[in-house]
Amino acid sequence: MSKANKHQPIGVFDSGIGGLTVANAISKQLPKEEIIYFGDTAHLPYGDKSADAIRFYCLKIVKFLLEKNCKMIVIACNSASTAADQVIFDFFKGQAIFVNVVDPLVEAIAERDYKKVGVIATKATIRSDVYRTKLADKKPKLKVASMATPLLVPMIEEGYFNDNISETIISNYLSDKQFKSIEALLLACTHYPLIRSHIESFFDGKVDVFDSTDVVVKSVKAKLKAAKLLNTKRVNPHQFYVSDFTKSFEETTRLFYTEQIKLEHCPIW
Ligand code: DGL
């Protein structure tokens, strides 16, 4: 990292377009930073894949983003953060600053005094038990109820939120008795910020809801600042790459990113 300078871009990647919620938060809160986004649309969803397959995809994507000269790589996908964070760090140590989406959420919970929290995420993230394990390290007495909610990603991508269909699916999952008496719920998937307000109203505002947007930006900013790599002026526009292109992917980006995006097809496999 010796030759890193503050004008280099931040690489952000996800299995597809859900990670755009994180890219969007970075671009709004750190507008001087340049973003290079990569969505692995050829292999989504990661949430149903094995950890080995996810690791294989992630290593290739990180190599691509490092070749684009990124000073920092944000793994904007819980399934990828869970399966591949360590292997990415071991492989590319010293070549960029790495940020996953799990640790900032864990830190946010650990700063508070909850007795019981819930976690919802893809099958891959829940299977890894990463939230329970990391939270147990910091808060041994905290009870963690976790559940895979695999219908939520396709539901959101098809544009079903704030309607009867999403209402039925969300209440079906969240009415599960293991979530009784939770004080906070972690939305541990980068698609879920889109249904955050729906979830807050399901709990009547009585449960604190955390997602991986603001907490991740906070971590990005702190790490860049510590390394003296916060940008002071953005020169280039953001770039958005996908490993497989369809018009429907491009249309769906509107749900996740506030400005209109032009996706570039970049088949790295
Ligand atoms: N964005 C992914 C995550 O945060 C979910 C989508 C997928 O399964 O690929 O886990």
Side-chain angles (χ1 to χ4, degrees), residues 11-26 37-58 60-62 73-85 88 98-106 108 118-132 134 146-161 166 169-170 173 185-196 199 209-217 219-220 240-244 246 248-249 252-253 255-257 263 269:
V12 179
F13 78 92
D14 176 47
S15 58
I17 42 203
L20 285 171
T21 54
V22 178
N24 195 48
I26 296 173
Y37 184 85
F38 190 94
D40 191 10
T41 45
H43 297 118
L44 69 81
Y46 280 5
D48 298 337
K49 302 281 189 303
S50 69
D52 280 346
I54 297 172
R55 282 184 202 118
F56 175 74
Y57 304 145
C58 290
K60 185 93 179 169
I61 297 167
V62 172
I73 311 274
V74 181
I75 312 170
C77 172
N78 274 268
S79 311
S81 295
T82 301
D85 176 49
I88 290 172
F98 294 97
V99 176
N100 66 49
V101 286
V102 174
D103 293 334
L105 265 178
V106 168
V119 181
I120 56 170
T122 63
K123 287 183 194 169
T125 301
I126 297 300
R127 193 177 53 224
S128 75
D129 221 12
V130 65
Y131 281 94
R132 197 192 306 274
K134 291 199 173 195
S146 54
M147 179 192 261
T149 48
L151 287 178
L152 297 182
V153 166
M155 177 191 92
I156 293 166
E157 287 193 352
E158 289 304 322
Y160 292 107
F161 35 92
S166 58
I169 295 175
I170 290 171
Y173 280 138
L185 182 71
L186 280 71
L187 309 188
C189 170
T190 52
H191 279 66
Y192 299 174
L194 273 81
I195 50 168
R196 182 186 170 130
I199 288 175
V209 177
F210 292 82
D211 67 38
S212 34
T213 55
D214 294 353
V215 292
V216 173
V217 180
S219 171
V220 165
F240 300 90
Y241 294 99
V242 282
S243 52
D244 188 26
T246 65
S248 141
F249 288 141
T252 314
T253 60
L255 305 174
F256 298 90
Y257 201 86
L263 293 180
W269 278 276

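If you're wondering where the values come from, they're calculated on a predicted model, not measured in any experiment. Both ligands and their constituent atoms are indexed starting at 1 by order of listing.
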Handout entry: Nearest neighbour in protein (non-hydrogen) for atom 10 (O) of ligand 1
Key = Ser79 OG, 2.7 Å
Handout entry: ligand 1 atoms in contact with Asp14 (distance to a heavy atom under 4.0 Å)
Key = 1 (N), 2 (C)
Fill in the blank from the handout: ligand 1 atoms nearer than 4.0 angstrom to some heavy atom of Thr122 are 5 (C), 8 (O), 10 (O)
Practice task
For Lys60 and Phe56, indicate whether the former's side chain and the latter's backbone hold a donor-acceptor pair under 3.5 Å.
Solution key: no
Problem - Whether Thr190 side chain and Cys77 backbone form a donor-acceptor pair below 3.5 Å - result: no
Exercise for the section: Quickly, which of Tyr241, Tyr46, Trp269 forms a side chain to side chain donor-acceptor pair (under 3.5 Å) with Asp40? Name it, please. Expected result: Tyr46
Exercise for the section: Find all atoms of ligand 1 within a distance of less than 4.0 Å from any non-hydrogen atom belonging to His191, and give their numbers and elements. Expected result: 1 (N), 5 (C), 6 (C)
Exercise for the section: Assess the pair Phe240 and Tyr257: is the distance between their ring centroids shorter than 6.0 Å? Expected result: yes
Practice task
Check whether any N or O atom of Asp48, backbone or side chain, sits under 3.5 Å from an N or O atom of ligand 1, and answer yes or no.
Solution key: no
Exercise for the section: Indicate whether the side chain of Thr213 and that of Asp211 have a donor and an acceptor atom separated by less than 3.5 Å. Expected result: yes
Practice task
If you have a sec, work out which protein heavy atom is nearest atom 1 (N) of ligand 1 and how many Å separate them, to one decimal?
Solution key: Thr190 OG1, 2.9 Å
Practice task
Check whether any side-chain N or O of Tyr173 sits under 3.5 Å from a backbone N or O of Leu151 as a donor-acceptor pair, and report yes or no.
Solution key: yes
Problem - Any pair counted as side-chain hydrogen bond (donor to acceptor under 3.5 Å, both in side chains), so long as it reaches residues 74-85, sequence neighbours left out - result: Asn78-Tyr131, Ser79-Thr122, Asp85-Asn100
Handout entry: Short side-chain to backbone donor-acceptor contact, Ser243 and Thr41, under 3.5 Å
Key = yes
Practice task
Report the nearest protein non-hydrogen atom to atom 2 (C) of ligand 1: residue, atom name, distance rounded to 0.1 Å.
Solution key: Cys77 SG, 3.4 Å
Handout entry: Protein contact to atom 8 (O) of ligand 1 [nearest heavy atom, distance to 0.1 Å]
Key = Gly47 N, 2.8 Å
Practice task
Pick, from Leu44, Leu152, Asn78, the option with the minimum heavy-atom distance to atom 4 (O) of ligand 1.
Solution key: Asn78
Exercise for the section: Any atoms of ligand 1 less than 4.0 Å from a non-hydrogen atom of Tyr46? List them with their elements. Expected result: 7 (C), 8 (O), 9 (O)
Handout entry: Distance filter under 4.0 Å to Ser15 heavy atoms, resulting ligand 1 atoms
Key = 6 (C), 7 (C), 9 (O)
Completion exercise
The protein heavy atom nearest to atom 5 (C) of ligand 1 is Cys189 SG, 3.4 Å
